[in-house]
Structures are given as structure tokens and as C-alpha cells.
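Here's the structure, in C-alpha cells; my notes come after.
Chain naming here is simple, since letters A, B, ... match the order of the sequence lines and numbering starts at 1 in each. Below, all heavy atoms of this structure are taken into account, side chains as well, without hydrogens, waters or symmetry copies.
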Amino acid sequence: MKIAIASGKGGTGKTTLATNLATYLSEFSKVVLCDIDVEEPNSGLFIEGNLEYREAVYKMIPNWNEDECSFCGNCHKVCNFHAVIRIGTDIMIFPELCHSCYACSELCPTESLPMVKKRIGELVHYKSNGLDFVESRLDIGEEQAVPLISQTINFIKNNFDDNMIQLFDSPPGTSCPVIEATKDVDFVILVTEPTPFGLNDLRLAVETMKMLHKNYGVVLNRYGIGNDDVIRYCEAENIPLIALINNSRDIALAYSAGKLIFQELPEFKKQLMNIRSYIIEILMDN
Amino acid sequence: MKEIVVVSGKGGTGKTSITASFAVLGGKDIIVADCDVDAADMHLLLEPNYEISEEFHSGELAYINQNNCIQCGKCYDVCRFTAIEVTNGRHTVNALNCEGCGYCARVCPSDAIINKPQKVGQCFTSIIKTGSIMVHAKLGIGADNSGKLVAKVKNEAKEIANDELKEYILVDGSPGVGCPVVSSLSGADFVVLVTEPSVSGIHDLMRVYELVERFNIKTGCIINKFDINQGITNEIMDFLESKNIVHLKSIPYNEVFTEAMLLGKTIVELDNDPVKFQIMETWIKIKKTLKYL
Amino acid sequence: MNLAFTAKGTTWDSNMDTRFGRTEYLLIYNDISKELSSYDNRESANYAHGAGPKTAQNLFELKADALITGNGPGGNAAAVMEKTGIDIYIGAGAKTVKEAYEAFQKGELIKV
């Protein structure tokens, strides 16, 4: 079963929930936690384990071979992203603009633009007790998160059993990276907080999930600050409220130090138990 | 005219609350640009009137005209994004997967595929409660947050600031380290980093600064909730010193951020709150630093 | 010599466009024939990415020798401009094309 943990806005407690929930669930069954918030992957700061595997992740870009080139200009004409530019008898390629569509390469009459690998980030796999942890990290200066996210999801597909619980710590927001991260999951947990910003961003996240026809529920973090508008919104929209995590300075302190908290705070553990029962219920329904 | 961009890498550090406070303090000297287009929140604090609204298009999506399609499958063969779906011979485009590269249309022998401009969102120009102007946007769900909408918001703000001879452009930057934040940073005169002393806060601060460093822009930093973890606050201070980043302010953990938000106000509009004065001091310090650039 | 301007219109009285990649028009002034011609660059507004490099390529194909503009090209566009060998003069953003040309003649613009 694949579950994404997402949020409209950043900083709502997505990573806290993902790491604690993954560790808690791994006490019962095999779990893989996968951090695909590749621009700012943070789950690894909370998980200690042994490095199993590490690989560079690439995307494909054209590489100009001037020997055969007839300077016909077809390559720059077919590139919708302006990643290929012709200046006289010089062809310039801008790797960060390239979407790896292969059009310039395959439509080149002299085969002067073979596709080659270009590093965009790195994937690591750690193991700790019953928990597998996979994280991908975009290299600074690379602008496209989506190819790295999709290759990371493929890594999980190819290396882990579909029947085990797979948790995905997703990027925040409502644009391409989130779509890529959530489009193939069975369930999405939206984490939010009871503030006007939290509600505004939750609405956007809900719209996204509706568009993707996803099954989703809400975990309300920092409950006690702010107001009850998020709860009222969920009730009015018939969105399941799976857990309420109380606002607590203890949680903030433990989080700041990179510690898991459920072992120390029974109240928090109870909320994880609620989420677990909810997940089991969905599994039974399927 | 000077352009100030506020970024944080990580969400939830108080970036938007602080930026909105600066917007109120700067009043009519400032044109505000909300470039956090993915999860724009400044409008909740600054009461924009949505005076001008403009649809925003970016990139293209393939569309297959079934009347012309001869079901040869060439489009399916060349697409690297599994965006062409075939059901009972009928070829259609999955809009979520289509990158708009146009390759399919180029190889289609029957001219059945056209590229349509994609609507990605709306861009607004508003009068806000300070009487000044804010440029902001709403990104369509699942749209390619290409940075182009961010660039559009910024350029629009720049032109207004130029026309009206304003002193500052204040930009609420995008999160992360990808394309949108690159667009937010380009052309800036001063970057304000808002961080918090947590393992993820400092991790993201260093990551986003690696990006800022490439632009070679003078930078200052606000440590919010500094008392939550004094150890990491010290680490952040060391980092700032090693990188020659101006330490602008350390603000203690305070729920006034939420209280102000509930009232639809910025912190500096509250009566006599200590954080209010700290933010005012920070703004003065930023203005001073800018003078010497 | 062909002088290029980034402009918001097609005449000497048009305002300069401060942007490079997404400039609305490229005006070309040939100081021998004294002719001012224009290239419509408005398509660049629809480019999601890479407007800068593309506009630089357009300039090269228009056979410009020098560019007079506002902020100047950044990043990728600057790399293409370097290849083209076109000189770049910035600081003419808040002017009309005519004023920008006069400022260029007086040597008031900054050469990048």
C-alpha cells in the first residue's frame, strides 16, 4: 500500500509525521519510507540507519558532435524549451532547460546530437531495524525536480514489495512535483495546522487531490493554537479528520533536535495509533 | 530602486508573516510581489482588492483531433512521458503527463496533433491596505510552476516600481531550491533568509544559501524561534559569520505570529507586542544595509 | 554598424523594454543607411523557459553588432551573447529608444 504525506504549505509537520509514523508502523510490519521532497529532503535527519546503497541519478540530454553537423538548424527549431540554440556554426545546449524529450536528437538528419547522461541528484537507501529508508536529493543548481521524483518512485517500485507499507514524504505545494509524487499512491494524508494560512493551503491541496481523484484524509497538527476553521471546513466538505496532534513545545523541541517523539510522548503515540487503525480500515475496504 | 527578496528554503519559519510586516512598515515606499505562487498567503494579511486580473499562459499541451487521427501510433512511439494513451485504438493525451515538448505533433503524418497554450494561473495587481500596490498570483492546480509565473509577478512589480519611482520592491520568495526560487532570486539586491534553529531549518538554510551564493547577492538572516534550540542557534550564528551574512535579528518563539494571522493582521499592526518592535528594528537595519550597497 | 534596442514599440519614440529575453520588440538601427527596422519578439512572452537564449539567437540572426538595453541579459542568455560577439550596453531602461541612442552616442551607457 502506497501512502503519500503531503501538505499545501511547508512547515506544517509533514516530515515529523512521516518519520514518526514510519518508525511506529515498522514495529508491526515491513515499511519503507521514501523522502521525495527532493528540493529539501529532511526525513533523513531523523532516521539513523546503515547505508545500503547509493547511486547518482541522471537525466538524458543531447550532446553535440560537430563533425557530422550540417548546421541545418532543425534541432533548435524542434526544441520547445529553447534548450538548443544555434549561433552560426556553433550549437549551444542548456542542460537545465532540457526536458529529455529526444526530439532534437532523433530528428537530427546527421545524428549529431546523441543523448548522454547528466547528473541531477543522488539517491540513498538506508536500513534501520524493520524500516527501509530511501531519500533523493536534487543537486543545487538543478531546476527540475520531476525527473528525480519519478526515478525515485521507480526505484521503490522495482526494489520493494507492493504489499508492504510505502510512505512517501512529498514536496509541498500544488504544482508538478506534488502531482508526480502523489499520482500513483493509494491514499494521501494531508497535514495542516489550524491557522488561516493552514486553511488556505489545505483548500488548495484538497483541490489538487480532487483533480487527481485521490482518496485522502487530514491530520491536524499544532491543534490548540489558532481556531477551529480547519475542523469546520473538513466537516462541511466531508473530509475525514484522521488525527489531531496537540500543539506542544515538547514536540517543537524534540523536532528541532532531530529526535523522534512518539516513544516519549504517549499522547502523540495515540494519534499514530489512530492513523494506523485508519490505514488498516482502508486496507480492509480494498 | 532596490529589490529585497525574502526566502527560507524550509516552510513554516514565519517568512510570510515577517515579509507582510515589512510591507506594512514600508508603506507606500514599497511595491510588494508575492512570488510564493504555489501557496500564496500574503493576501490573507494585506487585504488586496484584486483590481486587475490577467490570465496567465505558459508552455503547451498536445491535443489530438480524432477526426484526423489515423491511429498509426507514431506519437505513442516517440513520447518519452507516457502521455499518449491508447484505448481501443483511440489515441488521447494524458494532460497530467504531457510536458508540451511538441515531438508528437512533429512526427504525426496526418496533422492530427496540435499544441494548445496551457493556462497555468492568474496574475493580479491589487491595492493593499497600506495604499500601495501588490502583484500576486494564483497558480492553477497541477500547473508547471515553471518560474515563469514568478518572473511575471516580479517583472510586473518592477515596472510599477519604475513608473511610480518607488524605493523598494519587496518579494516574498518561493520555497525550495528549484526553478521558482531561482526566478525569485534573479535580479535581487538583497536577500533576507528567515530560518529557525531545528535540524531541518539549518539544513535547508545551508542548501538555499548555496543557491544564493551563486547569485552573489548581499544577504542577511533572521533567526525565528531562536530560543527553541540554543545549540543550533549558535551553529547558525557560526555559519552566518563564516559566510559573511548579516545577522539581522533573533526573534524568540512566540505565538503572536498566529494571533496576528487570526485577526488578518501583520504583527506590526498589533499594540505594543515585543516582537513588533523587533521586526521594526530589523526593517530599519535592512534599510541601512541597503544604503551602503 | 547595426545597433539593436529592446523596446516596447517600433518607433524612435517608443519606450525601451527593460527586459532582455521577453522584450516585446527588437529594433535595429543601421547607422550607415540610417534605417530603423523592427522585429516582433512578443512570442517570447509565451515561452515557459529559455526566452533569454532564444532572444539572443534572434539578435544574432538579425546581424546586430551592439545591443542597447535595460538590465542586460542574465545567465544562459549572457552565455549565448558571449558566443555571438555582440557588445552589450546597459542602463537605458527608463528611456525612449531615441534617448537611449543619444545616451549611447554620448558614451553614457555602461558596457558589460
Side-chain angles (χ1 to χ4, degrees), chain A residues 7-13 15 37-40 42 45-46 60 78-81 96 99-103 106-107 138 140-145 171-179 183 193-197 200-201 204 207-208 210-212 222 225-227 247 249 252-253 255-258, chain B residues 8-13 16-17 38-41 43-45 59-60 78-81 96 99-103 106-107 115 139-145 147 175-182 196-201 203-204 207-208 210-211 214 225 228-229 231-232 253 255 258 261-262 264:
Chain A
S7 67
K9 160 184 184 332
T12 54
T15 298
D37 186 357
V38 299
E39 288 185 46
E40 304 285 15
N42 283 336
L45 299 168
F46 298 84
M60 300 302 284
V78 302
C79 182
N80 267 9
F81 309 107
E96 70 279 18
H99 286 228
S100 312
C101 77
Y102 286 64
E106 293 176 356
L107 296 174
L138 193 68
I140 296 290
E142 288 300 327
E143 299 186 3
Q144 292 166 13
T174 56
S175 59
C176 301
V178 192
I179 305 286
K183 68 182 183 193
E193 52 183 36
T195 63
F197 286 5
N200 183 55
D201 300 338
L204 297 173
E207 268 181 68
T208 314
K210 279 186 180 160
M211 191 194 76
L212 291 169
R222 302 186 68 205
I225 61 158
N227 58 23
N247 184 44
R249 212 182 145 92
L253 289 177
Y255 171 81
S256 78
Chain B
S8 62
K10 178 185 178 328
T13 59
T16 301
S17 292
D38 215 5
D41 283 327
H43 63 278
L44 298 171
L45 302 179
E60 294 181 328
V78 300
C79 181
R80 287 292 186 307
F81 310 104
L96 276 180
E99 293 268 322
C101 71
Y103 195 178
R106 293 185 204 285
V107 297
N115 296 307
L139 191 72
I141 300 297
D144 174 11
N145 186 355
V177 294
C179 184
V181 69
V182 170
E196 61 175 36
S198 62
V199 287
S200 27
H203 170 266
D204 293 354
R207 243 171 107 71
V208 78
E210 224 183 300
L211 189 66
R214 297 187 175 203
K225 316 176 198 173
I228 263 207
N229 191 321
I232 297 179
Y253 179 85
E255 287 181 2
T258 310
M261 207 190 285
L262 289 176

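Neither the backbone nor the side chain of Ala145(A) comes within contact range of chain B; no heavy atom of the residue lies under 4.5 Å from a heavy atom of that chain. In this structure, chain B has heavy atoms under 4.5 Å from both the backbone and the side chain of Thr208(A). Heavy-atom distances place both the backbone and the side chain of Leu262(B) under 4.5 Å from chain A. With a 4.5 angstrom heavy-atom cutoff, Glu142(A) touches chain B only via backbone atoms. Both the backbone and the side chain of Tyr102(A) come within less than 4.5 Å of a heavy atom in chain B. For Pro172(A), the part sitting under 4.5 Å from any heavy atom of chain B is the backbone (N, CA, C, O) and nothing else. For Ile228(B), the parts sitting under 4.5 Å from any heavy atom of chain A are the backbone and the side chain alike. For chain A, the nearby part of Val107(B) is the side chain; its heavy atoms alone come within less than 4.5 Å. Neither the backbone nor the side chain of Ser7(A) comes within contact range of chain B; no heavy atom of the residue lies under 4.5 Å from a heavy atom of that chain.
The greatest number of non-hydrogen atom pairs below 4.5 Å with chain B, out of Pro196(A), Gly226(A), Gly173(A), is found for Pro196(A). In terms of non-hydrogen atom pairs under 4.5 Å with chain B, the most contact-rich of Ile225(A), Leu212(A), Asn247(A), Leu45(A) is Leu45(A). Looking only at heavy-atom pairs under 4.5 Å with chain B, the residue among Asp37(A), Leu204(A), Thr174(A) that has the most is Thr174(A).
Side-chain contact between Ile140(A) and Arg214(B) is present, with at least one heavy-atom pair separated by less than 4.5 Å. A 4.5 Å side-chain heavy-atom check between Thr15(A) and Ser200(B) finds every atom pair outside the cut-off. Contact check for Leu96(B) versus Met211(A): side-chain heavy atoms found under the 4.5 Å cut-off.
We find the CD-OH distance between Glu106(A) and Tyr103(B) to be 3.5 Å, quoted to the nearest 0.5 Å. Note that the CG atom of Asp201(A) and the CG atom of Leu44(B) stand 8.0 Å from one another [nearest 0.5 Å]. Distance CZ/Arg249(A) to CD/Glu255(B): 9.5 Å, rounded to 0.5 Å. For the atom pair CG (Leu253(A)) and CG (Asn229(B)), the distance works out to 7.5 Å, reported to the nearest 0.5 Å.
In plain terms, the two heavy atoms of Ser256(A) and Pro197(B) that are nearest each other are CB-O, 3.4 Å. Asn42(A) and His203(B) make their closest contact through OD1-ND1, 2.9 Å (heavy atoms, listed as atom of the first residue, atom of the second, distance). When all heavy atoms of Gly11(A) and Lys10(B) are compared, the pair lying nearest together is CA-NZ, 3.9 Å. Contact detail for Ala39(B) and Lys9(A): the closest heavy-atom pair is CB-CA, 4.4 Å. Counting all heavy atoms, side chain and backbone alike, Glu39(A) lies closest to Val177(B) at OE1-N, 2.8 Å. Here the shortest heavy-atom pairing between Tyr255(A) and Glu196(B) reads CE2-OE2, 3.9 Å.
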What do the steps show when you test Leu45(B) against Phe197(A) for side-chain contact (heavy atoms from CB on, under 4.5 Å), and what is the final call? CA-CA 10 Å; Leu45(B) 302 179; Phe197(A) 286 5; 3.7 Å; yes

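No donor-acceptor pair closer than 3.5 Å links the side chain of Asp41(B) to the backbone N or O of Asn200(A). At least one donor-acceptor pair under 3.5 Å links the side chain of Arg106(B) to the backbone N or O of Val78(A).
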